[in-house]
Each structure stands twice: as structure tokens, then as C-alpha cells.
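A short write-up of the structure that comes next.
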Amino acid sequence: MGAKQSTEKRALEVRVATWNLGNEVPTSGFPFLNCKDEPDIYAIGVQEAVYNPREGFIDMEMDLYISLHREIGEDKYDNVWQQSLTPRTDKTYKSKADFIAAFKAHPERMSMSGIRIIIFAKKSLAAEGFGLENIEVNVQTCGRLDGISGNKGAISITCTIGDCWVSFLTGHLNAHTEELERRITDMESIMFGLHTFEGEFADSDEYVSSETIGAQYEQYVKNIEVANRSHVVITFGDFNFRLEPLGDDGQPLEHDEQCIAVENAVEVRQWDELASFDQLLREQAKRRCFYQFTEMGRHPKWAPTFKLNKKDGVQPSKYNLKRCPSWCDRILLKLGHGGKCTQTRYVAHHDYEPNTSDHVPVTADFTLNVWRTLTHKQHLHFHMNLNPSKMFRAASMPKKRTIVLENIRLCPDHKFALAVFEDVIEEGEPIDALESASLIVSLYHSASPEREKTKAILYDSKEMRWSDSLTLGARASVADLVQFPLVLCVRNVQAEQARLHRQGEAMLDLRELYDSAAKGDPKAKYPLSGSHRVEIIQRGTPRGVIQFDYTFSKVK
């Protein structure tokens with residue numbers, strides 16, 4: 001990328017924890033965090049964290065945040081960000097309108113949700129150039145009153161560490177075995193709808209950092225799903241997917257039989273058998289939720305984390321068999337294009353079973369590989385042009401680098417067709433109706449002044465082709481150009497609502513594309529060309545595969 005450019009790499013140790021507190025004060029603290037290890041970053045998610053604060057704390061939030069900070073080490077760690085999902089309803093409000101009216105009249109009286117996330121990072125990271133910057137907080141509720149209550153939902157914190165984009169996403173989904181479809185729908189809503197506090201409860205100035213990059217950053221984050229524009233996404237929480245043993249006929253067993261099957265498998269440590277009962281793994285295999293997310297070892301290898309008998313005397317079972325014991329509490333990893341992160345540890349802390357919660361806390365360790373370009377320019381000026389020939393003739397743009405995407409093809413998944421034409425296409429029907437779609441491909445870059453997009457679509461029975469090219473150009477070195485992820489977004493401009501235009505997205509790490517085209521040769525000469533294929537995702541589920549050719553060029 002040029003003799004004057006150099007890249008510094010760093011492997012950071014990240015510890016992630018999730019625990020449903022059961023709306024009780026965690027009187028024993030969080031010893032399972034094992035703070036003596038001193039990882040570089042802590043990401044902690046809690047659920048049902050609504051309780052009366054202990055003496056010396058003004059409210060339950062400060063009780064939790066300050067207690068955790070003291071336990072982890074105030075002298076060594078900064079509290080990078082803390083966030084609660086809000087507002088939360090109770091049974092007082094009988095309608096959505098009543099709840100919204102009450103919030104607008106007295107927002108200070110509305111109770112916080114029990115869903116919280118706290119990020120701590122070593123103080124030394126910022127001085128070393130790997131601090132957590134460009135903080136962006138997004139929320140999505142999916143609780144009571146048509147989903148507007150924060151008693152269920154998710155929070156994401158997205159940041160840059162060097163040049164790497166990382167998202168931490170924590171959530172709490174609806175309970176009970178029979179609510180499987182609700183959980184899947186809620187995960188789709190979360191993946192699609194995580195937003196910067198828009199709508200009835202908006203207060204964007206409070207929740208979006210002023211350090212965001214680029215003139216069009218606000219438009220960028222509002223249009224692209226968090227999980228589709230990050231190199232690394234770690235999601236954790238009480239997702240409430242249950243262990244549900246099935247009979248020979250493929251139907252769920254009776255409740256008592258389910259409990260017996262689970263307890264028998266736990267007694268002999270048959271974790272693979274438990275995995276065959278798991279709703280989350282079954283739905284993942286069907287590509288209905290948590291697509292592209294993985295767990296260490298493919299699935300948990302420990303006893304269920306819910307529903308414990310609280311220790312208030314001798315119990316006939318470790319579990320309260322009112323609910324079938326389940327792996328409700330999970331930590332999963334998704335790698336975007338160019339993301340480099342490895343899970344190294346995954347533990348349910350059954351050795352720590354306080355009498356305050358019916359959930360076991362779960363932790364996971366990750367090695368996160370990040371990088372930064374030492375000559376990174378803080379202010380980049382990007383130019384977009386639909387006509388590559390005009391760009392190459394522009395004599396006023398010396399030392400300009402471009403990347404051109406052309407011969408763009410989409411091989412759609414049938415679910416893509418169902419999403420675009422849900423009123424006219426039924427399951428199993430051919431997707432010929434896509435011929436009439438006004439589908440375009442948009443190109444988003446966090447530092448670009450405009451959104452680049454295609455104009456026309458050609459269609460045949462197997463794939464769609466766009467006849468024009470997409471060009472991203474910059475008065476900057478390639479090293480500067482590739483520091484920001486690029487997002488391809490397939491859009492149906494015939495959709496009535498703008499927010500429903502999005503049909504599929506994919507993140508591209510330009511550094512990876514450049515290195516692939518250069519074949520690892522730092523002295524490779526322009527133009528550099530290659531081909532790439534990437535899945536497009538929407539609402540956390542696959543929609544098809546985009547293929548394209550690309551060229552890095554240097555314009556004199």
C-alpha cells in the first residue's frame with residue numbers, strides 16, 4: 001500500500017458475560033468475572049436488573065455500574081459506556097397510547113428496563129492507539145404493548161478499535177417454550193430495527209457520540225443493520241430458547257417427559273444429546289435466526305443455565321421443573337468480511353449459584369485481532385461518480401485512487417423473493433416475478449459524501465445482473481481508502497415505505513479485497529483486479545449471494 005504506510009496489529013483479550021439477575025440485588029457480586037486475569041475489555045450484559053438500590057447508591061443503575069467498576073478495578077479500567085433499555089412498562093398501562101402519553105407527560109417517572117450493558121476497557125488502550133472510539137448506541141424494544149416496552153429487546157454498542165468495527169449486542173427475548181415463533185420474530189425485529197433512539201422515545205443527542213466519522217455517518221447508520229456493517233459482532237443475553245425434546249413423530253414430548261429427558265442427559269453429560277433438543281440450534285440450521293453466528297464447540301458443553309431452584313432449603317432437584325431446564329443464556333460470535341476474532345473459552349458458572357437468581361451466569365473469552373494504519377488521515381474527502389469514464393478523464397483529481405465494482409450479479413434465495421413480493425409469491429412458486437422489480441444496488445461508505453447506486457437491472461431465470469458499475473474514488477492513498485468498511489445494499493425502490501426498501505446487505509472490507517487482488521505482494525502495480533462473492537443478509541437471515549468483479553486503479 002505504499003512505502004510510507006504501515007499497519008500496527010494487536011491481539012486484544014475480551015471477556016463477555018451475561019447474567020439474568022432475577023430482579024434481585026447481586027449481593028455476592030460478580031466473582032465469576034475472574035478479574036485477576038485482567039483482560040483488555042469487559043462487555044457485560046444483565047437482564048431483569050430491577051431492584052432497590054443498596055445504601056449509598058442513588059438508584060439501581062448506579063448500584064450496578066459503580067459496584068462492577070469497583071470489582072473490576074477503577075484504577076485500571078475506564079467505564080467506556082453504560083446503557084439501559086428504556087422505557088419499561090408494567091401492568092398499569094392497558095394500551096400503547098396510554099403508555100406513550102404517560103411517557104411524554106412524565107418521562108422521569110418511567111422505570112428503566114432490566115436490560116443493561118456495560119463496557120469497560122483498560123486505560124492503557126487509548127494511549128496505545130487502540131481505544132474504543134466513535135461510540136454508537138442502538139436499541140430495539142420488543143416487549144409489551146405491541147413491542148414498544150423495553151421489558152424485552154436489545155441494546156447494541158458499536159465502536160471502532162483502531163480501524164476495526166466491533167459491535168457488542170445484548171438482549172432478552174420472550175420466555176416460555178411455546179413462544180418460539182415470537183422469539184424468532186423478535187430477533188428479526190432486533191436485527192432489522194436496531195436504531196439510534198428514533199421514534200416516540202427519541203433522544204439521539206444523548207445516545208450517539210459526537211465523534212462519529214464522516215459527513216454521511218448518520219445516514220449510514222440509519223440505513224444499514226448493525227450486524228451487517230461490523231467486522232466483529234458478539235451477541236449475548238438471555239435469549240430464552242429452550243431445550244425441547246421431540247418424540248419419534250417429531251412432535252414435542254409432554255412437559256414431564258421433556259424434563260426427564262433433559263435431566264437424564266445432564267446426569268451422564270451427554271451434551272450432544274442436549275444439543276439435539278435445543279430450539280436455537282434447530283432454528284439456526286433452518287437459517288431462521290442467528291445466521292452466521294457461532295458458539296465455541298458448535299454448542300454449549302455444560303448443564304442448563306435455567307431454571308435453578310433458589311437455595312432456600314433442601315430441594316429434590318437442582319432445577320425448578322416448572323420449566324424444562326434449558327440453555328437460555330448464550331454468547332455467540334459473527335465475523336464480517338475481514339473480521340478476525342476467535343473464541344477461546346465458554347463457561348457456565350455452575351460453581352457460582354447464588355440464591356438471588358434462577359439463572360447461572362455465563363462468560364466467554366475472545367481474542368480480537370485489530371489493526372490501525374499509522375498514517376491514518378482524520379479528514380478524508382470522497383467522491384462518487386456513476387460514470388467511470390468521466391472520472392478517469394478528470395484532470396483536476398491528481399493522485400486519486402478508485403475502486404470500481406462491475407458485472408454485479410445477484411443469485412437470490414427464495415426467501416428474498418418472498419420478501420420482495422410477499423403479496424404475489426407463495427412458498428414453492430418460481431421467482432420470475434422478480435423481473436418486474438425495481439431493484440438497485442446502493443453503495444454505502446461511512447466517509448462518503450453521497451450514496452452511490454446502480455441504475456438498471458437485467459434479469460434471467462437464474463440471476464439478476466446490473467449493467468452499470470459502482471465507483472468509489474478518493475483523493476487519498478489506498479491505505480486511507482480501505483480503512484472504512486463498504487456496504488452493498490440491495491434495495492427495492494417500489495416499496496411504499498423507505499425503511500422497507502432494504503432487501504439485503506453485505507459488508508466489504510476493502511483492505512481484504514486489496515490484499516486479495518495484490519496476492520500479498522506489497523509492491524504490486526495498478527490496476528489490481530479480482531472477483532468476490534458475498535452473502536447478503538437482512539433481518540438476520542440470508543437473502544442470496546452477490547458476485548462482482550472489482551478493480552483498484554490509480555488515476556494520474
Side-chain angles (χ1 to χ4, degrees), residues 16-22 32 45-48 115 152 154 169-184 186-187 190 234-246 252-253 255 257-286 288-291 293-309 317-334 343 345-353 357-366 540:
V16 177
T18 179
W19 188 20
N20 185 316
L21 301 181
F32 53 86
V46 295
Q47 309 82 40
E48 295 188 13
I115 304 171
K152 295 293 188 289
L169 192 160
T170 193
H172 190 190
L173 302 185
N174 281 277
H176 307 311
T177 302
E178 64 273 13
E179 292 293 336
L180 172 61
E181 291 302 320
R182 173 72 182 271
R183 285 188 284 278
I184 292 172
D186 286 348
M187 275 309 302
I190 287 168
I234 301 175
T235 183
F236 46 103
D238 176 5
F239 297 121
N240 259 319
F241 286 88
R242 302 306 173 95
L243 296 178
E244 185 184 36
L246 305 179
L253 299 174
H255 175 76
E257 295 177 297
Q258 289 185 6
C259 293
I260 292 170
V262 169
E263 289 201 302
N264 287 344
V266 170
E267 185 176 358
V268 293
R269 300 174 64 85
Q270 288 294 327
W271 312 132
D272 288 344
E273 185 174 3
L274 284 188
S276 71
F277 303 158
D278 186 49
Q279 290 180 335
L280 190 154
L281 292 171
R282 285 204 293 250
E283 298 309 313
Q284 263 192 315
K286 298 174 186 176
R288 298 185 69 205
C289 64
F290 289 105
Y291 184 68
F293 283 89
T294 60
E295 291 176 284
M296 185 177 179
R298 295 187 297 115
H299 59 75
K301 290 179 170 56
W302 19 260
T305 57
F306 172 85
K307 175 177 176 70
L308 296 183
N309 267 320
S317 170
K318 173 179 178 177
Y319 295 101
N320 180 339
L321 300 181
K322 179 181 178 181
R323 307 292 180 211
C324 185
S326 295
W327 287 328
C328 289
D329 309 277
R330 311 289 273 269
I331 302 175
L332 301 98
L333 169 69
K334 176 183 176 181
Q343 188 172 353
R345 178 175 163 274
Y346 195 21
V347 179
H349 294 271
H350 283 278
D351 56 334
Y352 176 75
E353 295 176 1
S357 175
D358 52 9
H359 286 255
V360 172
V362 174
T363 63
D365 288 350
F366 298 87

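Fair warning: this is a prediction, and the values are worked out from it, not measured in the lab.
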>> Could you walk me through whether Arg242 and Arg183 satisfy the side chain to side chain contact (heavy atoms under 4.5 Å, CB included) test, starting with their C-alpha distance in whole Å, then the side-chain angles of each, then the deciding distance to 0.1 Å, before giving a yes or no?
In response: CA-CA 11 Å; Arg242 302 306 173 95; Arg183 285 188 284 278; 4.2 Å; yes
> Hey, is CD on Glu178 packed in by over 12 heavy atoms from elsewhere, all under 6.0 Å?
Replying inline: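 It does: Glu178 CD has more than 12 such atoms within range.
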> Is the number of heavy atoms from other residues, nucleotides or ligands under 6.0 Å of Arg269 CZ greater than 12?
Replying inline: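 No.
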If every non-hydrogen atom of [X] is compared with every non-hydrogen atom of [Y], which pair is closest and at what distance?
X	Y	answer
Leu274	Ala265	CD2-CB, 3.8 Å
Ile115	His172	CD1-CB, 3.7 Å
Pro252	Gln258	CB-NE2, 3.7 Å
Phe32	Ala17	CE1-CB, 4.3 Å
Gly22	Ser357	N-OG, 4.0 Å
Gly45	Thr170	CA-OG1, 3.7 Å

>> Set out, in order, the CA-CA distance, both residues' side-chain angles and the distance that settles side chain to side chain contact (heavy atoms under 4.5 Å, CB included) for Phe236 and Val362, then state yes or no.
In response: CA-CA 9 Å; Phe236 46 103; Val362 174; over 6 Å; no
Within a strict 4.5 Å, meaning less than it, do heavy atoms of the [X] and [Y] side chains meet?
X	Y	result
Thr177	Gln279	yes
Thr363	Tyr346	no
Asn264	Ile260	yes
Glu263	Leu321	yes
Val266	Pro325	no
Trp19	Asp329	no
Lys334	Thr294	no

>> The test is side chain to side chain contact (heavy atoms under 4.5 Å, CB included); show your working for Trp327 and Val360 and say whether it passes.
In response: CA-CA 10 Å; Trp327 287 328; Val360 172; over 6 Å; no
> Can you tell me if Gln343 uses its side chain to pair, donor with acceptor, with the backbone of Met296 under 3.5 Å?
Replying inline: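 Pair found, side chain donor or acceptor close to backbone of Met296.
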>> Donor-acceptor pair, distance only, cut-off 3.5 Å: does the side chain of Gln284 make one with the backbone of Phe293?
In response: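 Yes, the answer is positive, given that a donor and an acceptor are paired below the 3.5 Å cut-off.
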> What residues, two or more places apart in sequence or in another chain, satisfy salt bridge (charged side-chain N to carboxylate O under 4.0 Å, His left out) together with Arg330?
Replying inline: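 Applying salt bridge (charged side-chain N to carboxylate O under 4.0 Å, His left out) to Arg330 gives Asp278, Glu295.
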Got a second to check how far [X]'s [atom1] is from [Y]'s [atom2], nearest 0.5 Å?
X	Y	atom1	atom2	result
Phe290	Ile184	CZ	CD1	10.5 Å
Asn174	Leu180	CG	CG	11.5 Å
Leu173	Ile190	CG	CD1	5.0 Å
Leu243	Glu273	CG	CD	10.5 Å

> Taking it one step at a time, do Ile234 and Leu332 satisfy side chain to side chain contact (heavy atoms under 4.5 Å, CB included)?
Replying inline: CA-CA 6 Å; Ile234 301 175; Leu332 301 98; over 6 Å; no
Judged by modelled atom types alone, do [X] and [Y] share a side-chain donor-acceptor pair under 3.5 Å?
X	Y	answer
His359	Lys307	no
His176	Asn240	no
Gln47	Thr18	yes

> Run the salt bridge (charged side-chain N to carboxylate O under 4.0 Å, His left out) check on Lys152 and Glu179 step by step: do they pass?
Replying inline: CA-CA 13 Å; Lys152 295 293 188 289; Glu179 292 293 336; over 6 Å; no
>> Run the salt bridge (charged side-chain N to carboxylate O under 4.0 Å, His left out) test on Arg282 and Glu244 for me, step by step, so that the C-alpha distance in whole Å, both residues' side-chain angles and the decisive distance to 0.1 Å come before the verdict.
In response: CA-CA 10 Å; Arg282 285 204 293 250; Glu244 185 184 36; 3.1 Å; yes
> Who pairs with Phe241 by ring pair (Phe, Tyr, Trp, His ring centres under 6.0 Å), at least two apart in sequence or on another chain?
Replying inline: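 Phe241 satisfies ring pair (Phe, Tyr, Trp, His ring centres under 6.0 Å) with no other residue.
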> Do the two ring centres, one from Tyr319 and one from Phe306, sit under 6.0 Å apart?
Replying inline: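 That pair fails the under 6.0 Å test.
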